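Small disclaimer: the values here were computed from a predicted structure and weren't measured.
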Amino acid sequence: MSESWEFPEDWEYAGGTLERLLKVRAKCPNCGHVFEIEIGESWYEMGFNITCPKCGHQFPVNMYGEVVGEVEKKR
């Protein structure tokens, strides 16, 4: 029996509610580079690892980032 991953952003297509898309300002703990990303709320809460675009270091977004807003849904 195989299991398929169900990503939160896919729930809307399965009849669920689409989660919030957050705008997060992250600061790399390795080089100090500050950048913004858009990430689903559940990925942020889980501590999903992101990669610094400057040095390539990976780190958990919820430990080194702060939510600065919510991305408006496109219609």
Side-chain angles (χ1 to χ4, degrees):
M1 185 159 99
S2 72
E3 291 184 31
S4 64
W5 281 75
E6 286 190 25
F7 296 103
E9 54 269 23
D10 295 334
W11 291 345
E12 182 177 44
Y13 302 111
T17 303
L18 187 63
E19 73 172 340
R20 295 186 318 150
L21 188 60
L22 305 176
K23 181 175 274 194
V24 176
R25 184 174 297 126
K27 182 174 182 179
C28 178
N30 187 52
C31 72
H33 179 64
V34 177
F35 58 100
E36 288 188 356
I37 63 164
E38 295 177 0
I39 190 168
E41 185 176 23
S42 63
W43 293 109
Y44 179 79
E45 295 297 327
M46 283 190 293
F48 190 75
N49 276 350
I50 58 172
T51 302
C52 175
K54 185 175 180 182
C55 73
H57 182 75
Q58 290 189 348
F59 56 93
V61 67
N62 62 352
M63 289 182 69
Y64 298 97
E66 67 174 316
V67 177
V68 293
E70 186 174 339
V71 177
E72 294 292 322
K73 293 180 184 176
K74 297 174 185 163
R75 296 177 187 214

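The heavy-atom pair separating Pro29 from Tyr64 by the smallest distance is CB-CE2, 3.4 Å. Closest non-hydrogen pair, Arg25 versus Val68, comes out as NH1-CG1, 3.5 Å. Nearest heavy-atom pair, Glu19 versus Trp43, reported as atom, atom and distance to 0.1 Å: OE2-CD1, 4.2 Å. Residue Gly40 comes nearest to Leu21 through the heavy atom pair N-CD1, 3.6 Å, listed as atom of the first residue, atom of the second, then distance. In terms of heavy-atom proximity, Leu22 sits nearest to Glu41 at CD1-CA, 3.8 Å. In this structure, Thr51 and Gly56 approach most closely via the heavy-atom pair CG2-O, 3.5 Å.
Contact check for His33 versus Pro53: side-chain heavy atoms found under the 4.5 Å cut-off.
For the atom pair Phe35 CZ and Cys28 SG, the distance stands at 6.5 Å (nearest 0.5 Å). Put simply, CZ on Phe59 and CG on Asn49 are 9.0 Å apart, with the number rounded to the nearest 0.5 Å. Note that the CD atom of Gln58 and the CG atom of Asn30 stand 11.5 Å from one another [nearest 0.5 Å].
Criterion: ILVMFWY side-chain heavy atoms under 4.5 Å apart, direct or through other members. Under it, Val34 and Ile50 are not part of a common hydrophobic cluster.
Between the side chain of Glu38 and the backbone N or O of Val71, no donor-acceptor pair lies under 3.5 Å.
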